[in-house]
Chemist: 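Can you read through this structure? Questions will come right after.
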Protein chains: 2
Amino acid sequence: MKAGADIAAEADVAGGRQDTKEVILDAAEKLFAEKTYSAVSLRELTQAAGVNLAAVNYHFGSKDALLIALFRRGAIELNRARARLLREAEEKAGGATPPVREIVAALVLPAIRYSFTSTRLALYNQFVAFARGDGPAEAREMLDKEVGHLQRFALSLARALPHLPQHEVYWRLHFAMGVQHSLYTDMKRLETLSGGLCQLDDLDAVANRVIDFVTAGLEAPYTAKG
Amino acid sequence: MKAGADIAAEADVAGGRQDTKEVILDAAEKLFAEKTYSAVSLRELTQAAGVNLAAVNYHFGSKDALLIALFRRGAIELNRARARLLREAEEKAGGATPPVREIVAALVLPAIRYSFTSTRLALYNQFVAFARGDGPAEAREMLDKEVGHLQRFALSLARALPHLPQHEVYWRLHFAMGVQHSLYTDMKRLETLSGGLCQLDDLDAVANRVIDFVTAGLEAPYTAKG
DNA sequence: CATTGACTTAAACACTTGTTTGAATCTAGC
DNA sequence: GCTAGATTCAAACAAGTGTTTAAGTCAATG
């Protein structure tokens with residue numbers, strides 16, 4: 001049985017090999033993003049991580065549990081960063097509503113940072129498919145909690161865009177998430193489309209681009225039908 | 001050996017059972033979208049399609065070849081529809097450049113239609129992962145050809161948005177594709193986020209929403225850095 | 001130093017995977 | 001009506017899957 005894994009986390013960091021649990025998570029993050037959760041075998045995964053085959057089942061219980069732990073690690077960090085930025089923007093605005101552009105920045109910046117430093121976000125869709133499919137109820141609950149975090153942004157945007165009906169705000173927030181997704185899926189397509197002209201190199205430039213696009217989309221005039 | 005499969009395609013349509021090849025493609029389209037290419041076994045797939053286990057290998061050669069054929073069927077139809085709409089918009093504009101909004105409509109409308117009638121588009125990301133991963137060169141070539149079709153839209157948009165440098169046009173076209181993707185991935189999130197308020201029910205309304213958002217994003221002022 | 005408990009390891013387990021086979025069935029064409 | 005070729009079918013195949021086991025290693029504790 002395991003026990004002190006959490007306490008003795010940073011056992012021999014300088015020694016070269018970090019905590020096994022985290023080594024596995026890192027390797028899984030990379031491989032699941034490159035291929036697919038179900039396309040990556042535990043043998044391939046553990047070999048890439050440099051750990052024994054049984055390590056995954058020992059430390060996480062099962063392959064499914066590994067995916068859940070992996071998603072949890074990423075979701076917590078991401079939502080924490082988003083919430084902090086949104087709070088800062090709200091404080092800066094005093095009692096008033098922050099401008100749309102700053103709400104968008106709070107929503108989008110953490111994800112953009114991840115796009116530059118890791119493949120962490122790329123497995124979101126994988127996890128959704130897993131959760132909706134055969135995945136356990138625990139996975140579905142995590143997705144629901146994820147939605148809960150987005151509600152704060154929906155609220156803020158609704159206040160900043162009073163000319164829009166509530167459901168339109170939801171739709172446009174959804175589209176904004178789609179733009180965000182485009183940063184860690186299909187980047188290859190953009191690179192070949194642009195002949196190598198467009199790449200994830202300058203974080204500030206990319207961030208500005210995304211924020212410009214999304215802000216304009218959110219602020220677009222509302223053309224109700226007939 | 002097979003031979004007359006293509007000619008005798010519509011053998012007994014009225015009899016109840018359509019061509020086996022297409023029954024398999026339809027079932028695969030549905031299942032691959034719901035779960036994942038590698039998460040769907042041939043046994044599950046053939047059972048859902050009501051055909052024998054060996055039918056896939058007989059008609060397509062392998063599971064991989066089935067995925068490729070599936071993607072090809074969808075890509076051809078989609079690109080054909082897009083190209084037609086773009087051509088019509090250009091003809092309507094005479095020699096001049098069509099307005100951004102109509103270019104966007106040509107790009108987006110066919111995909112939106114598919115989102116309402118089938119799960120066809122949902123496997124795009126799956127296919128990308130497959131092609132970049134262990135997939136055969138044939139798959140990668142298909143993706144490149146896909147990019148080629150997008151070039152026509154990049155060109156049209158560049159003409160309609162002369163104030164933007166070329167690479168910025170590419171980026172924004174990329175974002176537009178991201179918005180499009182949001183229609184067939186994560187719709188569940190939007191539904192729970194909005195408490196069931198937002199759904200894929202009224203095609204024209206959704207189309208207008210998407211076109212409004214994307215057009216505004218594309219036409220956003222260009223804020224070059226430094 | 002011996003012992004405990006967390007961790008690692010190699011081997012085996014039961015099971016599912018995609019694919020192949022060879023016989024059975026069906027369908028035109030002479 | 002019979003033959004030839006396309007299609008279907010049940011059964012088997014080899015390879016790979018996630019998981020479990022039991023022996024082994026190691027560091028800290030008493």
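Note on naming: letters A, B, ... go to the chains in the order of the sequence lines (proteins, then strands), and numbering restarts at 1 for each one.
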Chemist: What's the CG-P distance between B:Leu67 and C:dT19, to the nearest Å?
Modeler: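 To the nearest whole Å, that distance equals 12 Å.
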
Chemist: Looking at C:dT8, C:dT19, C:dA11, which one has an atom nearest to any side-chain atom of A:Leu53?
Modeler: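 It is C:dA11.
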
Chemist: When you get a sec, tell me which of C:dT8, C:dT19, D:dG18 is the closest nucleotide to the side chain of A:Asn52?
Modeler: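 Given the options C:dT8, C:dT19, D:dG18, the side chain of A:Asn52 is closest to C:dT8.
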
Chemist: B:Tyr58 has an atom OH; how far is it from atom C1' of C:dT21, in whole Å?
Modeler: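 Spelled out: OH on B:Tyr58 to C1' on C:dT21 is 14 Å.
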
Chemist: Whole angstrom is fine here: how far is it from NZ in B:Lys63 over to C1' in D:dT17?
Modeler: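 The distance from NZ of B:Lys63 to C1' of D:dT17 comes to 13 Å, rounded to the nearest Å.
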
Chemist: Give a yes or no on whether the backbone of B:Phe153 and the side-chain of B:Ser156 come within a donor-acceptor separation of less than 3.5 Å.
Modeler: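 Side chain of B:Ser156 to backbone of B:Phe153, a donor-acceptor pair under 3.5 Å: no, none is there.
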
Chemist: Are B:Thr20 and D:dT7 close enough that a side-chain N or O sits under 4.0 Å from OP1 or OP2?
Modeler: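 Answer no for this pair, as no side-chain N or O of B:Thr20 is under 4.0 Å from OP1 or OP2.
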
Chemist: For the pair A:Glu168 and B:Arg209, find out whether any cationic side-chain nitrogen is under 4.0 Å from an anionic carboxylate oxygen.
Modeler: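 Salt bridge flag = yes for B:Arg209 with A:Glu168.
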
Chemist: Provide, to the nearest angstrom, the distance between the CD atom belonging to B:Gln47 and the P atom belonging to C:dG18.
Modeler: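 Answer to the nearest Å: 13 Å.
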
Chemist: Any salt bridge linking B:Glu77 with B:Arg82? Criterion: basic side-chain nitrogen under 4.0 Å from a carboxylate oxygen.
Modeler: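 Salt bridge between B:Glu77 and B:Arg82, a charged N being under 4.0 Å from a carboxylate O: no.
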
Chemist: Considering only NZ, NE, NH1 and NH2 on the basic side and carboxylate oxygens on the acidic side, decide whether B:Glu91 and B:Arg87 come within less than 4.0 Å.
Modeler: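 No salt bridge links B:Glu91 with B:Arg87.
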
Chemist: Closest approach to the side chain of B:His59, judged atom by atom: which nucleotide of D:dT8, C:dG18, C:dT8 is it?
Modeler: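 For the B:His59 side chain, the nearest candidate turns out to be D:dT8.
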
Chemist: Tell me the interatomic distance from A:Ile24, atom CD1, to D:dT19, atom P, rounded to whole angstroms.
Modeler: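 Value for this atom pair: 13 Å.
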
Chemist: Verify the contact: side-chain N or O of A:Asn57 to OP1 or OP2 of D:dG18, cut-off strictly under 4.0 Å; return yes or no.
Modeler: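 The answer is no; no side-chain N or O of A:Asn57 sits under 4.0 Å from OP1 or OP2.
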
Chemist: Taking CZ from B:Phe130 and C1' from C:dG18, how many angstroms apart are they, rounded to a whole number?
Modeler: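 The distance from CZ of B:Phe130 to C1' of C:dG18 comes to 13 Å, rounded to the nearest Å.
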
Chemist: Roughly, in whole Å, what's the span from CG in A:Leu45 to P in D:dT19?
Modeler: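 Going from CG in A:Leu45 over to P in D:dT19 covers 12 Å.
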
Chemist: Strictly distance-based, threshold 3.5 Å: is any side-chain N or O of B:His59 a donor or acceptor partner for the main-chain N or O of B:Ala55?
Modeler: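 It does not hold such a pair.
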
Chemist: Using OP1 and OP2 only, check whether a side-chain N or O of B:Ser62 sits under 4.0 Å from C:dG18.
Modeler: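 No, no such contact exists.
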
Chemist: Return whichever of A:Ala54 or A:Arg43 has its heavy-atom-nearest nucleotide of DNA chain C closer to the 5' end.
Modeler: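 Its nearest nucleotide being more 5', the pick is A:Ala54.
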
Chemist: Measuring to OP1 and OP2 of D:dG16, would you say a side-chain N or O of A:Ser41 lies under 4.0 angstrom away?
Modeler: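 No, outside the criterion.
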
Chemist: Using whole Å, report how far NZ of A:Lys35 lies from P of D:dG16.
Modeler: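 These atoms are roughly 13 Å apart.
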
Chemist: Nearest heavy atom decides the nucleotide; on that basis, is A:Glu44 or A:Gly61 closer to the 5' end of DNA chain D?
Modeler: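 On the 5' side of the pair lies A:Glu44.
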
